[in-house]
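A, B, ... follow the sequence lines: proteins, then strands. Residue 1 opens every chain.
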Amino acid sequence: MIDKRIDSIAAAVADIPDGAVVMVGGFGEAGSPIELIHALIDQGAKGLTIINNNTGNGEVGLAALIGNGQVKKMICSYPRSSHSKVFPELYRAGKIELEIVPQGTLAERIRAGGAGIPAFYTATTVGTPLAKGKEVRTIGGRDYVLEYGLTADFALIKCETADIQGNLTYNKTARNFNPIMCTAAKTTIVQARKIVPVGTIDPEIVITPNIFVDRITEVTDPLVESHLIAQGAHYP
Amino acid sequence: MIDKRIDSIAAAVADIPDGAVVMVGGFGEAGSPIELIHALIDQGAKGLTIINNNTGNGEVGLAALIGNGQVKKMICSYPRSSHSKVFPELYRAGKIELEIVPQGTLAERIRAGGAGIPAFYTATTVGTPLAKGKEVRTIGGRDYVLEYGLTADFALIKCETADIQGNLTYNKTARNFNPIMCTAAKTTIVQARKIVPVGTIDPEIVITPNIFVDRITEVTDPLVESHLIAQGAHYP
Amino acid sequence: MSQNATGWTREQMAENVAQDIPDGAYINLGIGIPELVTKFVPKGREFIYHTENGLLGMGPAPDPGQEDPELINAGKKAVTALPGASYFHHGDSFTMIRGGHIDVCVLGAMQISATGDLANWSTGAADAIPAVGGAMDLVAGVKTIYVTSQHVTRDGTPKLVQKCSYPLTGKGVVSRIYTDLAIIDVTAGGFQVRQLAPGISFAEVAAKTDAPLLPKGKI
Amino acid sequence: MSQNATGWTREQMAENVAQDIPDGAYINLGIGIPELVTKFVPKGREFIYHTENGLLGMGPAPDPGQEDPELINAGKKAVTALPGASYFHHGDSFTMIRGGHIDVCVLGAMQISATGDLANWSTGAADAIPAVGGAMDLVAGVKTIYVTSQHVTRDGTPKLVQKCSYPLTGKGVVSRIYTDLAIIDVTAGGFQVRQLAPGISFAEVAAKTDAPLLPKGKI
């Protein structure tokens, strides 16, 4: 029986090397794999390129990974938030690179990367500074810019329920970038609130089919980022 | 309260004009909106361009629409089947045009059309006769052909359950092209085995969100194409 | 609508927007005044709200204590899901936006040009950290873009200009502007007043607009 | 495996393929001999089957009378869904194929060239109706393409050739061929025997191959 469970969170992220490109699921705190991120802080890989919509909040989760000096470059749409101090300070000090990508283009680039589409055209950014240096093509009388698919070495994913072979469901708006990131990484590592036997999840409601998942760990009672921030917590 | 129900199948397809581009859901008989197709035969629109993976079976459903002389052009991946005589005869007689598109490229062109992506690159067909006349571009050391998004004036869709505002679920492999076609047509017309009140379908299991649906009709006990063919049936 | 010598309030601006949105519309609302549109849905109409982080059928904020950290909107505030809602991933969410399926998007603005260019994401200042979110996708993909904003900045500088000096969000995308002083269409001939706020004169609006302004009814 | 003077049977060819597929592999099987692979899964291994019309975890044909016309495979035959299966639409199904997520695809062939070109969709005859289905997507996207086929056509014409005369399905895509006479790798140096069927000589295989054939173990 195929079984993709990994005993510990630490083991699940143990082989992420320095310089890896890592997609991190979540939009704000919803769907953010905070335990996997903290395990990556413990593990210590450096020079990472991180793909996420934001740059984390407070001094936990993604913000803590950045604050710990492990991230060389961020690819994101919105590197600001009301509780985010870590990224702005590093960015202004020239200690972290930033590739800003509109949210929908970021999503489509990830989806394209997972779907074997190396490049596509989109009207988003046409006529704006973010189109600078990009190929523009007129199709059917309208201008579009060329954008490239994005892939990663690893994806860190949070889901609600996983079966042991990797079929996944999500909780509400925690779905966000997680399913498309599962498709775009060589190795997809998932923290599930609950792991269930094969055959438990109705085939009609599987959101991420098991082909896109490599490793699963159970985190029954995950940390809640906004609660941690309210408490003034920091990691490590 | 938004309510997208239409009283009759005939009313649902009444305004499809001559020359319309119509996507028809289904792969083989699974997910084929046979009652909507028969209503389109009754309605009589001519010179249609039809987008479907196949060209129908026997002398019912899509094959009957083609046999009735209403179709000017087929866009499909596989215009043959064990019970399909109608299309081959018309094609050999030069009475119908054919644009052959690999199944995955067909799916992606429809998905792109629905997603506002006018064009994309894919490795499918590179080095084959189907790449003839297409732009080839080398990206990351591999060759890809340029393909364009597909949209339609109407989509005819079969689903399992619809709520009255157009959230849809499907049955097993009847899902196939239906959800992506819902996104790519100006007007999406759905036959549902069952129509339920708003709030009945769990938001987590909606496959087609209601934004992609315009009209819904209930067909509680749809015809089964393979049964009709076994009976030697033909339409009208 | 109560009269106000200094123009419309934020609530009245949102109400003006809501009046122009048809029954059954799918809507995406930006942060700030646009969010107030939900409070002024005209009688007999129903709007369905989209939030780009993967929810269609978004409802109001939950009661205090009922927040779910995994049910939030694009502004990362707790929301609810109404009956008929659906969840989906970011790829599908921007299929709705980029594919032209959302009917109306209401956004705030830093500047709007006479040709409908919108600047609302960056001052272009050297030390600013660029942050665009979904704004460029929305203006490129949604059928109708409405802007609602104060007519001038806090220091009195016009936001309606001949040409934006801030970096653009999109080119030629805005069709109508709802300010505290007037409702203004972006036409082939430039800015044109559609309606003046009670007690506000055309001359006052024209004086606070840094581009030619056409009166109502003229070409 | 029983010896057979005229080479391997269809079942033995499928068994040969199955032996080379690792545990846990995601597989897409073409129509004909490839479908027989499911009968020869080596002990201790588990394969997961994908069918391009939207099912992962496809199981065997149902018992007679248990068919569901809406649960079929890409060949439009009734199938079942195993525990752990999932349904998805065609866009997502070809994300699996084009995105390189399927490990192995086993296909039939009309011709295979010494550089791994595959022709299996059209004779190119003037009156043929072109019909490609998902074949071109599979060979372009799946990590490993195995072909299983009789070594020659019914009239004795070699299928392994220096250059395909039929229209291509894909260029340089086939990595290994399982025929009734031999298992043959497509290498940088051309066709190379990996294993001969019991009772079949290298000379016989070489004589029935319309391209240079390297013996096992050379370069």
Side-chain angles (χ1 to χ4, degrees), chain B residues 26-32 53-55 57 76-82 87-88 91-92 98 100-108 110-112 114-115 122-131 143-144 158 160 170-181 183 207-208 224-227, chain D residues 51-55 58 67-81 85-100 115 117-119 121-122 124 126-142 164 166-173:
Chain B
F27 178 92
E29 68 176 318
S32 176
N53 188 64
N54 304 100
T55 54
N57 301 298
C76 71
S77 87
Y78 204 84
R80 285 195 303 232
S81 86
S82 47
F87 179 83
Y91 181 75
R92 291 213 169 88
L98 171 64
I100 200 89
V101 183
Q103 195 173 144
T105 299
L106 183 61
E108 190 66 12
I110 295 166
R111 193 260 169 200
T122 173
T124 301
T125 76
V126 169
T128 80
L130 295 191
D143 285 349
Y144 298 90
K158 182 187 183 189
E160 183 67 11
Y170 301 86
N171 178 39
K172 305 185 182 75
T173 58
R175 194 180 302 189
N176 58 64
F177 282 91
N178 281 299
I180 52 176
M181 286 181 172
T183 72
I207 302 301
T208 293
V224 177
E225 196 178 85
S226 53
H227 296 178
Chain D
T51 182
E52 52 264 44
N53 57 316
L55 168 60
M58 178 174 66
E67 298 88 352
D68 180 339
E70 297 202 317
L71 179 46
I72 60 176
N73 66 12
K76 289 158 191 142
K77 289 182 204 146
V79 294
T80 49
S86 52
Y87 298 110
F88 34 83
H89 63 56
H90 256 81
D92 287 343
S93 184
F94 282 84
T95 284
M96 296 178 190
I97 292 173
R98 200 188 310 96
T115 55
D117 296 352
L118 174 67
W121 71 287
S122 168
D127 69 336
I129 297 178
V132 68
M136 287 190 186
D137 307 285
L138 285 162
V139 300
V142 174
C164 297
Y166 293 145
L168 295 189
T169 308
K171 216 172 160 52
V173 295

Next item on the list: Would you indicate whether the side-chain heavy atoms of D/I129 and B/R92 approach each other to under 4.5 Å?
Entry: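 The answer is yes, as the side chains (C-beta and beyond) meet within the 4.5 Å cut-off.
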Notebook entry, point to check: What's the shortest heavy-atom distance between B/G127 and D/L168, and which atoms?
Noted result: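 Here B/G127 and D/L168 meet closest at O-CD1, 3.5 Å.
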Margin query: Applying side chain to side chain contact (heavy atoms under 4.5 Å, CB included) to B/L130 and D/W121, what does each step give before you reach the verdict?
Written below: CA-CA 11 Å; B/L130 295 191; D/W121 71 287; 3.9 Å; yes
Under 4.5 Å from any heavy atom of chain D, what part of [X] do you find: side chain, backbone, both or neither?
| X | result |
| --- | --- |
| B/Y170 | neither |
| B/L106 | neither |
| B/R111 | neither |
| B/Y91 | side chain |

Check: Among D/A119, D/A74, D/A85, which has the most heavy-atom pairs under 4.5 Å with chain B?
Finding: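 Of D/A119, D/A74, D/A85, D/A74 has the most heavy-atom pairs under 4.5 Å with chain B.
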Check: Between D/D68, D/I97, D/L55, which shows the greatest number of heavy-atom pairs under 4.5 Å with chain B?
Finding: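 Going by pairs under 4.5 Å, I would pick D/D68.
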Notebook entry, point to check: Taking the side chain from B/T173 and the backbone from D/G54, do they hold a donor-acceptor pair closer than 3.5 Å?
Noted result: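 Judged by distance alone, no pair lies under 3.5 Å.
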Note to self: I'd like to know if the side chain of D/K76 pairs up with that of B/N57 as donor and acceptor (distance under 3.5 Å, no hydrogens or angles considered).
What the structure shows: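 No pair is found: no donor N or O on one side chain lies under 3.5 Å from an acceptor on the other.
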Listed pairs under 3.5 Å, donor-acceptor, residues 130-140 of chain D side chains, sequence neighbours left out:
from	atom 1	to	atom 2	distance (Å)
D/D137	OD1	B/G104	N	3.4
D/D137	OD1	B/T105	N	3.3
D/D137	OD1	B/T124	OG1	3.2
D/D137	OD2	B/Q103	N	3.3
D/D137	OD2	B/G104	N	2.8

Check: Got a sec, which residues hit side-chain hydrogen bond (donor to acceptor under 3.5 Å, both in side chains) with B/T183, two or more places apart in sequence or on another chain?
Finding: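 Partners of B/T183 under the side-chain hydrogen bond (donor to acceptor under 3.5 Å, both in side chains) test: none.
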